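Data first, discussion second: the structure below is written as structure tokens.
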Amino acid sequence: MNTTTIAQVKNHLEETVTIGAWLHNKRSSGKIAFLQLRDGTGFIQGVVAKAAVPEEIFNLTKNLTQETSLYVTGKVVEDTRSPLGFELQVSNVEVIQEAEDYPITPKEHGTEFLMDHRHLWLRSKKQHAIMKVRNEIIRSTYEFFNEQGFVKVDPPILTGASAEGTTELFHTKYFDEDAYLSQSGQLYMEAAAMALGRVFSFGPTFRAEKSKTRRHLIEFWMIEPEMAFMNHEQSLELQEQYVSHVVQSVLKNCKIELDTLERDTSKLEKIEAPFPRITYDDAIQFLKDQGFDDIDWGDDFGAPHETAIAEAYDKPVFITHFPVEIKAFYMKPDPDNPKVALCADLIAPEGYGEIIGGSERIDDFELMKQRYNEHELDGQAYEWYLQLRKYGSVPHSGFGLGLERTVAWISGIEHIRETIPFPRLLNRLYP
RNA sequence: UCCAGCGUAGCUCAGUGGUAGAGCAAUCGGCUGUUAACCGAUUGGUCGCAGGUUCGAAUCCUGCCGCUGGAGCCA
């Protein structure tokens, strides 16, 4: 048996092949049936002509139900009407398991129903495309950082204390001790950078915030690079190269998926380094000029503010030099103006919000100790972090990219819950 | 947590005080190039739950539950 996958049929033109597949949808008439087949690698149409197959095969085909699993044998032929460019002239169909009453029909469904059936919803064309884009972002992330000489390091998920002391953490027990699920691997990545130079992590992160918006998940994945001997400006350059690489990789390797998602790729094609930059001071002034009277120097931006700033550009935009009070304790103050930090948020275009937060880190022992006191951090839990400033401290910078927001932006989808296979949301722990 | 909206067939919805409806799905039949195929027929109901008003409630009122959208917090 000449078995293959839908992604590989292009290598079997005019050959007869067998594909393991599920019946995605079906259209039939008296003497011809069209089987919409999917096998995970892609979608292809199988054409069953009554004249070309034994009668029992044609009758079987007519009664196939949605999501029935099959072995389909047929000849691969070119067809310009197919998005794939090929279709299958079916000669035999073997049912593996007949699916009855598949809940997700070809018509429209509500969000609650689809989320309750997320384990099946993933099979749909749009969700399949999003997962492929997500995978390409992950693949090109590894590619980029490997090419740049980074080492992947895995920080712990169970931690004894908060990394930033701000957000709500998930609490659990670690035998007789209290423990928390990681909200950032950053502090550990700083330690790793002092050992390996340039490092990046990719892992889950947990925030017990009661956030209920299209941009928030309770459990999400972050990419956190950390670079020794790199200042804030050099970090921004790396960030814009990284994001550009990811966008261009998706454009190159996910053409069918972006087409399925009806993404306006002309907007993505513009995403090339360098990215525009605006200081926090100028951003506040810009917003006031735009008529926002609900924000003053020292406030953090809300979603409408971020969107207004992003809409002024057709690339992601860095907002730099935030007031130190509204940023994390470890960010290095600007030597020219200690009221602001050497930091930047990267705001995605089209209203998708912040996708990166980064900064140069404090490398001075005394200043870091002072920050501990100001933020009332538990000295014991952070003792090891302080030691990094004691034994050969060097200038270093890092940032964190939110994977799901990046997937949402590049895919052009409305809600972040569709960017992760099984989203954890405020009121959803199943499936 | 706050603000707003919505809960009617398996799904998506209409019905706003007087006999419970449509499209899709499912089942049966028809159709040789369909693209959420189309055409005909059949099946399908604790109107979220509890209480109240009324001769009469899916419809009006109160409470609860669930969901959706937005805000705050953040990536």
Side-chain angles (χ1 to χ4, degrees), chain A residues 24-36 43-53 58 62-63 65-67 77 79-84 87 89 99-117 120-121 124-126 163-164 166-169 183-186 203-224 294 299-307 326-328 345-348 352-358 399-409 414-417 419-420 425-428:
Chain A
H24 189 65
N25 197 6
K26 177 193 72 180
R27 286 176 280 276
S28 69
S29 64
K31 292 175 183 166
I32 191 165
F34 302 98
L35 309 179
Q36 311 305 320
F43 292 78
I44 195 170
Q45 173 164 275
V47 183
V48 192
K50 191 175 183 180
V53 295
F58 190 74
K62 281 205 305 189
N63 294 320
T65 54
Q66 198 187 347
E67 290 303 316
V77 295
D79 196 299
T80 51
R81 290 167 290 194
S82 157
L84 189 69
E87 59 180 31
Q89 287 181 347
E100 277 181 62
D101 295 325
Y102 186 69
I104 302 179
T105 63
K107 291 283 174 177
E108 62 202 28
H109 299 282
T111 302
E112 185 187 4
F113 179 81
L114 289 169
M115 289 301 297
D116 284 342
H117 295 86
L120 303 175
W121 189 22
S124 77
K125 215 165 188 172
K126 183 181 173 190
E164 305 192 4
T166 52
T167 50
E168 294 288 323
L169 303 178
Q183 49 130 227
S184 166
Q186 195 216 294
T205 183
F206 308 88
R207 307 272 167 100
E209 298 282 351
K210 304 227 168 184
S211 300
K212 192 180 179 304
T213 82
R214 73 180 74 175
R215 295 180 306 279
H216 287 85
L217 291 167
I218 304 301
E219 176 183 309
F220 65 97
W221 287 64
M222 273 208 298
I223 290 140
E224 294 185 284
D294 57 344
D299 296 335
D300 209 347
F301 299 120
H305 306 124
E306 282 184 356
T307 302
I326 58 172
K327 286 293 175 185
D345 287 354
L346 185 66
I347 313 296
Y352 283 96
E354 182 184 344
I355 53 171
I356 288 181
F399 61 95
L401 174 134
L403 176 68
E404 286 77 14
R405 284 188 184 177
T406 305
V407 176
W409 163 48
E414 275 295 303
H415 203 296
I416 198 165
R417 66 184 159 222
T419 63
I420 186 166
L425 299 162
L426 194 50
N427 295 316
R428 184 169 292 278

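Lettering of chains follows the sequences in order, A, B, ..., and the numbering in each one begins at 1. Keep in mind the model is a prediction, meaning the values are calculated, not measured.
Atom CG in A:L35 sits roughly 16 Å away from atom P in B:A36 (whole-Å rounding). Here the C1' atom of nucleotide B:C73 and the CZ atom of A:F220 are 12 Å apart, to the nearest Å. The CD atom of A:Q36 sits 12 Å away from the P atom of B:U34 (whole-angstrom rounding). Rounding to whole angstrom units, CG of residue A:L120 and P of B:C11 are separated by 14 Å. For the pair A:F206 CZ and B:A75 P, the interatomic distance rounds to 16 Å; values are reported in whole Å. As a whole-Å value, the separation of A:F301 CZ from B:G72 C1' is 16 Å. Look at CD on A:Q183: it is 16 Å from P on B:C73, rounded to the nearest Å. Rounded to whole Å, atom C1' of B:G10 lies 7 Å from atom CZ of A:F113.
You won't find any donor-acceptor pair under 3.5 Å spanning the side chain of A:R428 and the base of B:C67, going by distance alone. Residue A:Q45 places a side-chain atom within donor-acceptor reach of the base of B:U34, judged by atom type and a 3.5 Å distance cut-off alone.
When the side-chain hydrogen bond (donor to acceptor under 3.5 Å, both in side chains) test is applied to A:T105, the partners found at least two apart in sequence or on another chain are A:H109. In this structure A:R405 satisfies the side chain to side chain contact (heavy atoms under 4.5 Å, CB included) test together with A:R215, A:H216, A:E354, A:I355, A:I416, sequence neighbours excluded. In terms of the side-chain hydrogen bond (donor to acceptor under 3.5 Å, both in side chains) criterion, A:H117 has no residue partners (sequence neighbours excluded). With sequence neighbours left out, the salt bridge (Lys or Arg N to Asp or Glu O under 4.0 Å) criterion links A:K26 to no other residue. Remark: A:D116 engages A:R428 in a side-chain hydrogen bond (donor to acceptor under 3.5 Å, both in side chains) (not counting sequence neighbours). For A:T111, the side chain to side chain contact (heavy atoms under 4.5 Å, CB included) partners two or more places apart in sequence, or in a different chain, are A:M115, A:R417. Partners of A:V53 by side chain to side chain contact (heavy atoms under 4.5 Å, CB included), not counting sequence neighbours, listed by chain and number: A:V48, A:I57, A:F58.
Heavy atoms of A:H109 sit under 4.0 angstrom from primed sugar atoms or phosphate atoms, though from no base atom. At a threshold of 4.0 angstrom between heavy atoms, the contacts of A:E219 with the nucleic acid are absent. Using a 4.0 Å heavy-atom criterion, one finds that A:L217 contacts the bases of the nucleic acid, with or without backbone contacts as well. Using a 4.0 Å heavy-atom cutoff across all strands shown, A:E112 reaches sugar-phosphate atoms only and no base atom. A:N427 comes within 4.0 angstrom of sugar-phosphate atoms only, judged by non-hydrogen atoms across all strands, and of no base.
Spacing of C1' atoms, B:C49 relative to B:A58, comes out at 14 Å, to the nearest Å. For the C1' atoms, the distance from B:C13 to B:G52 is 29 Å, rounded to whole Å. The gap from the P atom of B:A75 to that of B:A36 amounts to 41 Å, rounded to the nearest Å. To the nearest whole angstrom, the two C1' atoms, one in B:G7 and one in B:A50, are 15 Å apart. Nucleotides B:G15 and B:G48 have their P atoms positioned 15 Å apart, rounded to a whole Å. Rounded to whole Å, the P atom of B:C28 lies 25 Å from the corresponding atom of B:U34. Rounded to the nearest Å, the gap between the P atom of B:U16 and that of B:C6 is 15 Å. Comparing the same atom, P, in B:U35 and in B:G69 gives a spacing of 32 Å after rounding to whole Å.
In this structure, A:F34 forms no aromatic stack with the base of B:G33, since the conditions of centre separation below 5.5 Å and plane angle below 30° are not both met.
Pair check for B:A75 finds none; no Watson-Crick or G-U wobble contact set falls under 3.5 Å. For B:U19, there is no paired base (Watson-Crick or G-U wobble, both distances below 3.5 Å). Pairing partner, B:U43: none, since no Watson-Crick or wobble contact has both distances short of 3.5 Å. In this structure B:G66 sits in a base pair with B:C6, meeting the Watson-Crick or G-U test at under 3.5 Å.
Under the side-chain hydrogen bond (donor to acceptor under 3.5 Å, both in side chains) rule, A:H305 has a single partner from A:D294, A:D299, A:D300, which is A:D294.
Each of A:L425 and A:G402 was matched to the nucleotide of RNA chain B holding its nearest heavy atom; the match closer to the 5' end belongs to A:L425.
The closest side-chain heavy-atom distance from A:R207 to A:E219 is not below 4.5 Å. Within the 4.5 Å cutoff, the side chain of A:L169 has no heavy atoms near those of the A:F206 side chain.
Which of B:U34, B:A36, B:U32 sits closest to the side chain of A:E87 comes down to B:U34.
Summarising the geometry, atom OH belonging to A:Y352 is positioned 8.5 Å from atom CZ belonging to A:R214; distances are rounded to the nearest 0.5 Å.
Formation of a donor-acceptor pair under 3.5 Å by the A:Q66 side chain with backbone atoms of A:I104 is found in this model.
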Contacts under 3.5 Å, N or O only, protein and nucleotides 69-71 of chain B:
residue : atom : partner : partner atom : Å
B:G69   : OP1  : A:R417  : NH1          : 3.0
B:G69   : OP1  : A:R417  : NH2          : 2.7
B:G69   : OP2  : A:R417  : NH1          : 3.4
B:G69   : N7   : A:K212  : NZ           : 3.1
B:G70   : OP1  : A:R214  : NE           : 2.3
B:G70   : OP1  : A:R214  : NH2          : 2.1

Base versus backbone protein contacts along nucleotides 23-31 of chain B [heavy-atom cut-off under 4.0 Å; B, S, -]: -SSS----B
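In B:U16 the O4'-C1'-N dihedral to the base is within 90° of 0, which defines a syn nucleotide.
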